[in-house]
Amino acid sequence: MEKILEVKDLNISFHTYAGEVKAVRGVSFDLHRGESLAIVGESGCGKTVTAKSIMRLLKEPPAEIKPGSQIIFDGKEDIVKMNRKRLKSFRGADVSMIFQDPMTSLNPTMTVGKQIMETLQIHKGMNKIEAKKEAIELLKIVNIPNPEVRINNYPHQLSGGMRQRVMIAMAISCNPKILIADEPTTALDVTIQAQIMDLLNELKDKFNTAIILITHDLGVVANFADKVQVMYAGEIIERGTREEIFYKSMHPYTWALLNSVPRLDTESKQELYSLGGTPPDLILPLKGCAFSSRCEYAMEICLERKPETTQLSPTHSLCCWLQHPDAPKVNRSEVVRGEING
Amino acid sequence: MAKENLVEVVNLKKYFNVGKNKVLKAVDDVSFNIKRGETLGLVGESGCGKTTCGRTILGLYDATDGHVYFDGKDVHAMGKKDKLNFKKDAQMIFQDPYASLDPRMTIGEIIGEGMDVHFNLSNKEREEKINELLHTVGLNQEHASRFPHELSGGQRQRIGIARALAVEPKFIVCDEPISALDVSIQAQIVNLLIKLQNEMGLAYLFISHDLSMVKHISDRVGVMYLGSIVELAPSANIYKKPLHPYTKALISAIPIPDPKIEDTRKRIKLEGEVPSPINPPAGCKFNKRCVYAMDKCSQITPELKELEKDHFVACHLY
Ligand SMILES: Nc1ncnc2c1ncn2[C@@H]1O[C@H](COP(=O)(O)OP(=O)(O)OP(=O)(O)O)[C@@H](O)[C@H]1O
Ligand SMILES: Nc1ncnc2c1ncn2[C@@H]1O[C@H](COP(=O)(O)OP(=O)(O)OP(=O)(O)O)[C@@H](O)[C@H]1O
Ligand code: SF4
Ligand SMILES: [Mg+2]
Ligand SMILES: [Mg+2]
């Protein structure tokens, strides 16, 4: 498989009153054509910022993509170095994004039909009539009933899930090579969610689109992803195939994530497992392992030095001192479910 | 004496005019109660009217018809004083966190705004309370001076939660309150909501697409389809013994965080076009997509019937 994207040592900071927020810290990964990569991790760990940087959508300043960061598109171009003109043709056509917050990325003063048509007119050179026909077709594809009427609606006249589907329609309208889907189904019920995930799978199979899926829904990850990356405090702390992450994960944070999922068989209103504590302040320098303050296995070294990457298989790797030959051996089955902190 | 039901929704309708004499029936004759200290879960297809229902209950929309009583008083016909109390007692956590936060205000100002209207706090008390609230939703005081655009999606959502809790309400409409949060913080927030309920008797209308979480937090669950409630039952019943064909399809589509199960399981696929609230099908609104549909399903609208104690369903099969 060909690499469509290579992210190399990506570092991103925000300059704020309080100081420099180091939101993304040394992230590297590859994405191949036709591949689906899920990024999971705690709220605020840098998933959206990473994704937006791939489209160069962060406002710089206050954001700063640090020197040395590279995002190579299709083996040739460094996105970090693209000029404004190239970015304009690049966004939407080569890479497009379904945003986490539909209301912020849809224009409230314009009907949704117009907004979809605009993309088609710019990138596909359609005339108005063609674009309108295509817009209706796209809304039908994302399962919005009465699309002929709905294209005349303004965003606030649609339900949360409909707005999300309008964005999906816009993002897929130009058959991008990379589709970034940031929480694409949070506002959708499970039946429509399943249809949307089928639709994304179809794009992958038909057009060899590479998909980056950011989601908190581990059920969706289990169903959809080829590979999974787990982020914590701006770093990738474990990565592997779907099976490796769900069945063979070795990082304590990944375990905590998998253990917090409520299941249909838990007793109602019983307290759910939740990781105690809060993630580290991204303004302060991080010493040792970023997870150490909340990790129940933390050893002295964890507080002092950053763990190296350990490769468990060609696809599975992690950063944790427990992998050191002298560390005690623990595995996930020993994590007591239902143990409650905080 | 205080009534057992804190919220009573009676034949509530909310229609929107969508041009050219077209009417969109977002909420179409819905009735239910919420007791003090109870959580009613509300689930259903995207666009079926859950948010509109929640907003109309809180008086953010006028009702087209029907009534909502809060503590026995008609929400849509309250005097000034009652209205002010109601605005404190009944809060909403909005589905779209970003759109519901004023971009020009800092997080501290957003959370403090309601407190200023309803309580008389010194600056110090105010600040302490804001920090405490930030802490309960898993953020820290460093976030108080930031603006909404400087936060991640899930951080914003938690500001909405903190703001709702700030005025110590009796009732909260939680519209997808945890959809942007990772599972661990979801658990933390849900534990918090349950704890507040146990300690202070809060009631919730909990709107969510996350059916496992709805099951976990709700005492009863209502299932909506195209503006109507099609099933209403204690939460364990809905999941163990769903009766309405739409509920069955919904439960079968819950994704399970286990690749092996996901690769092999079968979902009930809903065939047919999603109907529209602008021209809903006659009879049972689900009939065009229902595998059990009979002749009368496209002619007669089924009533919500109590099939077993507290388990209501609107379907001709029963
Ligand atoms: N404009 C900004 N100024 C300052 N800090 C910012 C800004 N934008 C994002 N951040 C911070 O960067 C960090 C990463 O944010 P990001 O939006 O990538 O999180 P995320 O992983 O997508 O979280 P979520 O799951 O909640 O959406 C957060 O701690 C956030 O507060
Ligand atoms: N202000 C409005 N003007 C016109 N139509 C509206 C308005 N608000 C909502 N609607 C319509 O009412 C119907 C119900 O919308 P609502 O937002 O209540 O759905 P929902 O159940 O909350 O869906 P979701 O799960 O997608 O958030 C939709 O068809 C929507 O387009
Ligand atoms: S390196 Fe140490 S602190 Fe970090 S996750 Fe591993 S055991 Fe826990
Ligand atoms: Mg995000
Ligand atoms: Mg809604």
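Heavy-atom basis, side chains included; hydrogens, waters and symmetry copies ignored. First the proteins, then the strands, lettered A, B, ... as listed; each starts at 1.
To the nearest 0.5 Å, atoms CG (A:Asp281) and NE2 (B:His143) are separated by 7.5 Å. How far OG1 of B:Thr106 is from OH of A:Tyr17: 11.5 Å, rounded to the nearest 0.5 Å. From B:Ser46, atom OG reaches atom CD of A:Gln164 across 8.0 Å, with rounding to the nearest 0.5 Å. Between B:Asp96 atom CG and A:Arg163 atom CZ the span is 5.0 Å, to the nearest 0.5 Å. The distance from atom CD1 of B:Ile254 to atom OG1 of A:Thr191, rounded to the nearest 0.5 Å, is 11.0 Å.
Within the 4.5 angstrom heavy-atom criterion, only side-chain atoms of A:Val21, from C-beta onward, approach chain B. Using a 4.5 Å cut-off between heavy atoms, A:Val149 contacts chain B through its side chain alone, with no backbone atom that close. If you measure heavy-atom distances from B:Asp175 to chain A, you find no contacts under 4.5 Å at all. When heavy atoms are compared at a cutoff of 4.5 Å, B:Gln95 approaches chain A solely by way of its side chain, counted from C-beta outward. Residue A:Asn152: no heavy atom, backbone or side chain, is found under 4.5 Å from chain B. Of the two parts of A:Glu42, the backbone and the side chain both hold a non-hydrogen atom closer than 4.5 Å to a non-hydrogen atom of chain B. Contacts of B:Ser184 with chain A are made by both backbone and side-chain atoms, with heavy-atom separations under 4.5 Å. In this structure, the portions of B:Glu45 lying under 4.5 Å from any heavy atom of chain A include both its backbone and its side chain. At a 4.5 Å heavy-atom cutoff, A:Ile144 makes no contact with chain B through either its backbone or its side chain. Contact of B:Gln197 with chain A is made through the side chain alone, with heavy-atom distances under 4.5 Å. Heavy-atom distances place the side chain of B:Leu24, and not its backbone, under 4.5 Å from chain A. With a 4.5 angstrom heavy-atom cutoff, B:Ile278 touches chain A only via side-chain atoms. Heavy-atom distances place no part of A:Asp182 under 4.5 Å from chain B, backbone and side chain included. If you measure heavy-atom distances from B:Phe147 to chain A, you find no contacts under 4.5 Å at all. Heavy atoms closer than 4.5 Å to chain A are found in both the backbone and the side chain of B:Ser179.
Few gaps surround CD on B:Glu150; more than 12 heavy atoms of other groups in view lie less than 6.0 Å from it. Around the NZ atom of A:Lys22, the shell of radius 6.0 Å holds more than 12 heavy atoms that belong to other residues, nucleotides or ligands. Applying the 6.0 Å contact sphere to NZ of A:Lys140 captures no more than 12 heavy atoms from other residues, nucleotides or ligands. B:His135 NE2: 12 or fewer foreign heavy atoms inside a 6.0 Å radius.
Ranked by heavy-atom pairs under 4.5 Å with chain A, the list B:Pro255, B:Pro277, B:Ser152 is led by B:Pro255. Between chain B and the residues A:Pro108, A:Ser159, A:Ala23, the most heavy-atom pairs under 4.5 angstrom are made by A:Ser159. Ranked by heavy-atom pairs under 4.5 Å with chain A, the first of B:Thr52, B:Val190, B:Leu181 is B:Leu181.
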Practice prompt. Would you sort out whether A:Ile283 and B:Glu142 count as a side-chain contact (heavy atoms from CB on, under 4.5 Å), showing the intermediate values?
Written response: CA-CA 10 Å; A:Ile283 292 180; B:Glu142 180 251 320; 3.9 Å; yes

Worksheet item: Can you list the steps and then say if B:Val43 with A:Asp189 is a side-chain contact (heavy atoms from CB on, under 4.5 Å)?
Response: CA-CA 8 Å; B:Val43 302; A:Asp189 59 277; over 6 Å; no

Worksheet item: Can you check side-chain contact (heavy atoms from CB on, under 4.5 Å) on A:Thr186 and B:Glu176, steps first, answer last?
Response: CA-CA 9 Å; A:Thr186 44; B:Glu176 299 284 355; over 6 Å; no

Worksheet entry | Derivation of the side-chain contact (heavy atoms from CB on, under 4.5 Å) call for A:Asn146 and B:Asn279 | CA-CA 9 Å; A:Asn146 267 55; B:Asn279 43 8; 3.6 Å; yes

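Salt-bridge formation is detected for the pair B:Asp263/A:Arg242: a Lys NZ or Arg NE/NH1/NH2 atom is positioned less than 4.0 Å from an Asp or Glu carboxylate oxygen.
For the pair B:Lys260 and A:Tyr247, the cation sits on the ring face: its NZ or CZ lies under 6.0 Å from the ring centre, inside 45° of the axis.
Summarising the geometry of A:Gly44 relative to B:Gln155, their closest heavy-atom pair is CA-NE2, 3.9 Å, with the distance given to 0.1 Å.
Among residues 192-199 of chain A, the residues having any heavy atom closer than 4.5 Å to a heavy atom of chain B are, in sequence order, A:Ile192, A:Gln193, A:Ala194, A:Gln195, A:Asp198.
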